[in-house]
Amino acid sequence: MRDPATGPDAGPPPVVALGDARTGEKSESTLTVLIAFTANLLVAVAKTWAAALTGSASMVAEAAHSWADTGNEIFLMIANRMSGRRPDDAHPLGFGREAYVWSLFAALGLFVAGSAVSITHGIHELVDPEPATDFLIGYLVLGFSFLLEGTSFLQSVRQARREAATVNRDLISHVLATSDPTLRAVFAEDAAALTGLVIAATGLGLHQLTGSATPDAIGSILVGILLGVVAIVLIDRNRQFLVGVQVSPPVRAAIVQALRELPEVSRVTALRVDFIGPRQLYLVADVDLSGDDAESHLAVRLRALEARIRESPAVVDCTLSLSAPDEPDL
C-alpha cells in the first residue's frame, strides 16, 4: 500500500508496507507547495498591479484570491515541517495531526481573505460601479497568471495521479480521500485559481464590450463563491482527519490478510487502524498466536510482532493483544 486512505497495493514485509511519508511522498508534497507558493506570489503581485491600473472588480477579486493562496502556502509549508517531527515522551504518537491543524488555518484563510473579500468587493461594485480602463493590461496579466497557475496545477496533478495509480483510484477520488492535506489543498486551490481566471477574463471582457461594470462585479462575486465552496470542502476534510479517520475498508481487509498470512498468527479478531498524520498510522489489533506457549513466552512473541509491524514507515505505533477463545476471526 502506498496511501492507505485509498486502497491496497501488494508488497513485501514489513506487514504494513507504505511509501515513506518522511522521504519520498513528503518530499514531493513539499516541492508541490514550494512551486505553488512561487507561482502565487508572482501572480499576486501582477494581479495587484493590474487591478490598480484597470479598476476591474474581477481583477481585484483575483488579486485577493492570489494573496490568500500565497499566505496559505506558508501555512502548508509549516504543516509539512511540523507534522514531520519525531515522537517524543510527551507525544508518543508523534505530531502528524499538526498537518491538519495548519491546513485548516490555510482553508480558513482562503475563506476569509479570498471568498469574503471577493464577494464584498463585488457587491460594493454593483452598488457603486466604477468604469475600468487599460483592458489590455488586464488580459495580459490574466494570461500570465494562467501560465503560472497552470504550471503549479500540473505539478499537483502529477503527484496526485502517480499516487492514485498505485491505489487504483481516479484522480479526483484520490485527492478527496488522501491523508495528505497539503496535496489536496494545492490541487483544489490551483483548480479554483484557473477557473477564477476564466471567470475574471469573462467579466473583464463583458465590461469592455458593454461599458457596464455589472458583469465585472458579478464575476467578482462568482470568484468569491467558488473560493468559499473550495474552502468549505477543505475545512471539512481537515476537520474529519482531526476528529479521527480510519483506513478504507479495502485497506483494512488487506491489513487483516497480511496479519493472517504471518506464520505466528492463526486468527485476527479485532483491528483498528487510525490516521494520525499524512500517511501515518496507529494500528491496534487482537490476534491469536499459533501454538500453545506459556503466557510469558506469548508476551515476548507479541512484542516481537509489534516491532516487525513498526518497521513499516507508515506505522508510527502498534499495539497487539491476545484474542479471547470465543472471539470470531475477522
Side-chain angles (χ1 to χ4, degrees), residues 36-37 39-76 103-135 137-146 148-150 152-153 184-208 210 212-236 238:
F37 173 79
N40 283 321
L41 180 59
L42 293 173
V43 167
V45 172
K47 286 179 180 176
T48 301
W49 173 68
L53 289 178
T54 64
S56 165
S58 295
M59 192 62 71
V60 171
E62 278 298 302
H65 175 190
S66 292
W67 282 116
D69 281 353
T70 302
N72 291 346
E73 306 312 331
I74 296 176
F75 282 125
L76 296 179
S103 296
L104 181 62
F105 290 160
L108 289 171
L110 182 64
F111 187 85
V112 175
S115 177
V117 170
S118 298
I119 292 174
T120 301
H121 184 75
I123 293 173
H124 174 76
E125 193 69 16
L126 282 176
V127 175
D128 186 19
E130 295 182 5
T133 58
D134 296 315
F135 292 99
I137 291 176
Y139 297 136
L140 291 175
V141 168
L142 289 174
F144 170 74
S145 300
F146 198 91
L148 289 181
E149 296 281 12
S152 176
F153 183 61
R184 178 167 39 250
V186 173
F187 182 95
E189 290 175 4
D190 285 346
L194 293 173
T195 306
L197 288 170
V198 173
I199 294 172
T202 302
L204 188 63
L206 290 175
H207 191 162
Q208 183 180 16
T210 64
S212 170
T214 299
D216 210 3
I218 293 175
S220 177
I221 294 172
L222 291 177
V223 168
I225 293 173
L226 171 67
L227 298 183
V229 171
V230 170
I232 290 171
V233 171
L234 294 177
I235 289 169
D236 185 60
N238 284 296

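Remember, it's a predicted structure, so these values are computed and weren't measured experimentally.
- Evaluation of the ring pair (Phe, Tyr, Trp, His ring centres under 6.0 Å) rule for F153 yields F187 as partners, not counting sequence neighbours.
- For the pair V43 and S145, the tightest heavy-atom approach, listed with the atom from each and the gap, is CG1-OG, 3.5 Å.
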Residue pair S66, E149: steps toward the side-chain contact (heavy atoms from CB on, under 4.5 Å) verdict: CA-CA 10 Å; S66 292; E149 296 281 12; 4.1 Å; yes

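- Between the side chain of N238 and the backbone N or O of L234, at least one donor-acceptor pair lies under 3.5 Å.
- With values rounded to the nearest 0.5 angstrom, H207 atom NE2 is found 14.5 Å from T202 atom OG1.
- For the atom pair N40 CG and D190 CG, the distance stands at 6.0 Å (nearest 0.5 Å).
- Residues passing the salt bridge (charged side-chain N to carboxylate O under 4.0 Å, His left out) test with D236, sequence neighbours excluded: R239.
- Put simply, CZ on F37 and CG on L42 are 9.5 Å apart, with the number rounded to the nearest 0.5 Å.
- Residue A213 comes nearest to E125 through the heavy atom pair CB-OE2, 4.0 Å, listed as atom of the first residue, atom of the second, then distance.
- Atom CG of L204 and atom CD1 of I137 lie 11.0 Å apart (nearest 0.5 Å).
- With sequence neighbours excluded, no residue satisfies ring pair (Phe, Tyr, Trp, His ring centres under 6.0 Å) with F144.
- For the atom pair CD1 of I123 and CG of D128, the computed distance is 13.5 Å after rounding to the nearest 0.5 Å.
- Shortest non-hydrogen contact noted between A200 and E62 is CB-CG, 3.6 Å.
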Would you sort out whether L126 and I221 count as a side-chain contact (heavy atoms from CB on, under 4.5 Å), showing the intermediate values? CA-CA 10 Å; L126 282 176; I221 294 172; 3.7 Å; yes

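- G196 and L226 make their closest contact through N-CD2, 3.9 Å (heavy atoms, listed as atom of the first residue, atom of the second, distance).
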Would you be so kind as to tabulate the donor-acceptor pairs closer than 3.5 Å made by side chains of residues 104-111, with sequence neighbours excluded?
none

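- Residues that satisfy the side chain to side chain contact (heavy atoms under 4.5 Å, CB included) test with T54, not counting sequence neighbours, are S56, M59, D134.
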side-chain contact (heavy atoms from CB on, under 4.5 Å) between I199 and T195: does it pass, once the steps are laid out? CA-CA 6 Å; I199 294 172; T195 306; 4.3 Å; yes

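- Applying the 6.0 Å contact sphere to OH of Y139 captures more than 12 heavy atoms from other residues, nucleotides or ligands.
- Proximity of a side-chain donor or acceptor of S58 to a complementary backbone N or O of D216 within less than 3.5 Å is detected.
- Applying the ring-ring contact (aromatic ring centres under 6.0 Å, His included) test to residues at least two apart or on different chains, none of the pairs has a partner in residues 42-68.
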Applying side-chain contact (heavy atoms from CB on, under 4.5 Å), run through V186 and E73 and close with a yes or a no. CA-CA 8 Å; V186 173; E73 306 312 331; 3.7 Å; yes

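- In this structure, S115 contributes its side chain and I225 its backbone to no donor-acceptor pair below 3.5 Å.
- Counting heavy atoms from C-beta on, the side chains of L197 and K47 come closer than 4.5 Å.
- The shortest non-hydrogen separation linking L227 to G114 is CD1-C, 3.6 Å.
- Interatomic distance, CG of D69 versus CD1 of I74, reported as 11.5 Å (0.5 Å rounding).
- Considering all non-hydrogen atoms of both residues, S118 and V223 come closest at OG-CG1, 4.3 Å.
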